[in-house]
Visitor: 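Shown below is the structure under consideration.
Bear in mind that the values here come from a model prediction, so they are computed numbers and not experimental data. Chain letters run A, B, ... following the sequence lines, proteins first and then strands; every chain starts at 1.
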Amino acid sequence: MCRAEAPHLSALQKKFASKGLVVLGINIDNDSAERIGKFRADKGLEYTMLQKGNEVAMRAYFCRAFPTLYWIDEKGTIMARDYGFQTPDRLEERARALMAR
Amino acid sequence: MPESHLQVSLGLACLILLGAASIEKASGAVGETVRYQVTVQESGKKETANITVFVLPGVGKAARWVLAPEETSLGLPVASIAFDAKGRARPALSDPLGRPWVSAFLSWIEADDIVKPEWRKPESTGTAKITVAELRLRAKINVTHNCSPATEETGSVVSLELVEPVTEESRLRLELRSLRFRFELAADGQFSRGTLEHDISRSVGTVTRDTDSRVEIIVLSREALTESETRKIEDEFALLESVARALLPGHDEKQVKDAKKDISKYRAKFPEGKLSGAIVSLEMRLVSAGESVAGLANPDEAAARLIGKIAPDFKLTDLDGNEVTLSDLRGKSVILSFWGYA
């Protein structure tokens with residue numbers, strides 16, 4: 001469930017990279033770079049993966065379920081938070097709203 | 001030789017002996033408090049700081065050294081070090097702001113522990129002495145004294161040649177050891193050959209934590225503080241220690257509360273204190289530390305409060321080892337996807 005969203009996020013990254021969209025995948029399980037790298041390669045993901053984000057997820061962003069998405073605009077302001085699986089249409093709608101800010 | 005040179009040279013050598021002396025003193029009153037002026041260089045950036053190291057009485061023979069910076073621009077408590085029963089230094093509290101020179105300074109003090117037994121107070125010529133056998137044993141090197149007799153102006157010059165391949169550990173030790181010396185690398189940057197040179201006016205060292213982070217510490221001067229100066233710093237640290245604890249990862253609600261109390265106490269006691277400039281930022285940090293603790297108890301409410309605010313900044317490493325800082329991405333639209341296998 002948690003990982004099902006990844007290809008859709010990758011598609012968004014690809015589609016909107018030229019419009020300044022950056023997707024950061026933040027691993028919260030303390031997985032090794034190798035394991036995350038394999039996941040990225042297997043799924044053909046094209047966005048940046050960051051390691052060891054547990055502390056950031058829990059203490060700074062108060063995540064309690066995964067996946068959790070935070071949408072941050074050009075000024076660094078948080079526009080929205082989603083948790084649980086989001087459909088591709090919903091993701092694209094959110095991304096367009098974010099970039100329109 | 002100019003008098004100032006002699007003082008500095010004695011200072012450096014005294015530092016070496018400080019550990020043992022202070023531990024003995026620790027069961028009684030506050031031990032010798034010393035101020036170091038150091039220059040710290042990291043990735044080309046230089047910073048000069050006055051760091052005070054003082055000793056608080058500990059249980060039994062264990063003592064505690066505390067470092068406190070005196071520049072308001074540096075602001076905060078930096079660290080304390082616990083000594084175990086054998087007198088070995090162990091960092092007990094680290095800088096909540098994570099300034100790299102703090103860990104470098106700690107390493108320097110710890111390295112002192114490694115070499116301490118092999119150093120003696122300088123002779124009147126102002127040169128420190130090291131037991132060559134010990135140096136050879138520790139770093140697996142051949143050591144020869146080049147400069148004999150050592151003069152007051154140059155100190156003693158020691159050259160060394162490594163006889164074994166360098167492991168990470170020996171490399172670290174060698175570098176820490178060289179904090180008291182100028183250590184010149186061979187042209188290829190490896191530790192295959194080098195020169196240790198004791199510079200009597202300055203102590204230069206490099207600490208390598210990993211391949212990307214090199215911190216050089218140059219001790220410019222050292223002086224003992226008066227008792228009243230020491231008391232003042234001790235009082236300041238009583239506050240700052242609780243704050244530092246409250247800001248460390250894993251802090252709990254009580255620590256934050258205690259720290260907030262200490263802050264208001266401090267304000268009343270030292271309205272014009274040296275560190276008053278840092279108090280505002282400390283308080284702000286405590287507020288967010290408190291929110292973080294409260295947020296853990298009720299994450300959904302805390303997360304909801306984040307909407308419309310500036311996203312909390314962070315620095316994490318990507319799969320290639322590059323650091324990514326969120327605030328560097330201003331001007332971009334960013335999606336954070338927190339994920340795991342669970």
Visitor: Within the 4.5 Å heavy-atom criterion, are I307(B) and W71(A) side-chain neighbours or not?
Guide: no
Visitor: Look up atom CD in E55(A) and atom CG in L316(B), then write down how far apart they are to the nearest 0.5 Å.
Guide: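 Output value for this atom pair is 10.5 Å.
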Visitor: Please find the pair of heavy atoms, one from V22(A) and one from K332(B), that lie closest to each other, and give the distance.
Guide: CG2-CD, 3.7 Å
Visitor: Do you know which of I78(A), I72(A), L69(A) makes side-chain contact (heavy atoms from CB on, under 4.5 Å) with L336(B)?
Guide: I72(A)
Visitor: Quick check on M99(A) against chain B: is it the side chain, the backbone, both or neither that has a heavy atom closer than 4.5 Å?
Guide: both
Visitor: So what's closer than 4.5 Å to chain B heavy atoms on A60(A): side chain, backbone, both or neither?
Guide: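 Contact with chain B is through both the backbone and side chain of A60(A).
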Visitor: For S333(B) and E74(A), which heavy atoms make the closest approach, and how far apart are they?
Guide: OG-CG, 3.9 Å
Visitor: State, to 0.1 Å, how close K75(A) and I310(B) come at their nearest heavy-atom pair, and which atoms those are.
Guide: O-CD1, 3.7 Å
Visitor: Counting only heavy atoms from other residues, nucleotides and ligands, does the tally under 6.0 Å from NZ of K52(A) exceed 12?
Guide: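 Atom NZ in K52(A) is crowded, with more than 12 foreign heavy atoms closer than 6.0 Å.
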Visitor: Check each atom of L9(A) against the heavy atoms of chain B and say whether the ones under 4.5 Å are side chain, backbone, both or neither.
Guide: side chain
Visitor: Rounded to the nearest 0.5 Å, what separation is found between the OG atom of S337(B) and the CD atom of Q86(A)?
Guide: 10.5 Å
Visitor: Could you grab the distance from atom CG of L319(B) to atom CD of Q51(A), nearest 0.5 Å is fine?
Guide: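 So the CG of L319(B) and the CD of Q51(A) are separated by 5.5 Å.
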Visitor: Is any side-chain heavy atom of F62(A) less than 4.5 Å from a side-chain heavy atom of L306(B)?
Guide: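 Result yes, sub-4.5 Å side-chain heavy-atom pair found.
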Visitor: Top residue by heavy-atom pair count (under 4.5 Å) with chain B, among T48(A), D82(A), L98(A)?
Guide: L98(A)
Visitor: Nearest 0.5 Å, please: how far is CG in D318(B) from CG in N27(A)?
Guide: 13.0 Å
Visitor: Hey, what's the ring geometry for F338(B) with Y61(A), parallel, tilted or perpendicular (30° and 60° as the breaks)?
Guide: tilted
Visitor: Out of L91(A), L24(A), L21(A), which residue meets the side-chain contact (heavy atoms from CB on, under 4.5 Å) rule with I335(B)?
Guide: L21(A)
Visitor: Please flag which part of R94(A) lies under 4.5 Å from any non-hydrogen atom of chain B: side chain, backbone, both or neither.
Guide: neither
Visitor: Which region of Y83(A), side chain (C-beta onward) or backbone (N, CA, C, O), has a non-hydrogen atom less than 4.5 Å from a non-hydrogen atom of chain B, or is it both or neither?
Guide: side chain
Visitor: With heavy-atom distances below 4.5 Å as the criterion, would you say the side chains of D29(A) and W339(B) are in contact?
Guide: no
Visitor: Taking every heavy-atom pair that is under 4.5 Å apart, which of L50(A), N54(A), I26(A) has the most such pairs with chain B?
Guide: I26(A)
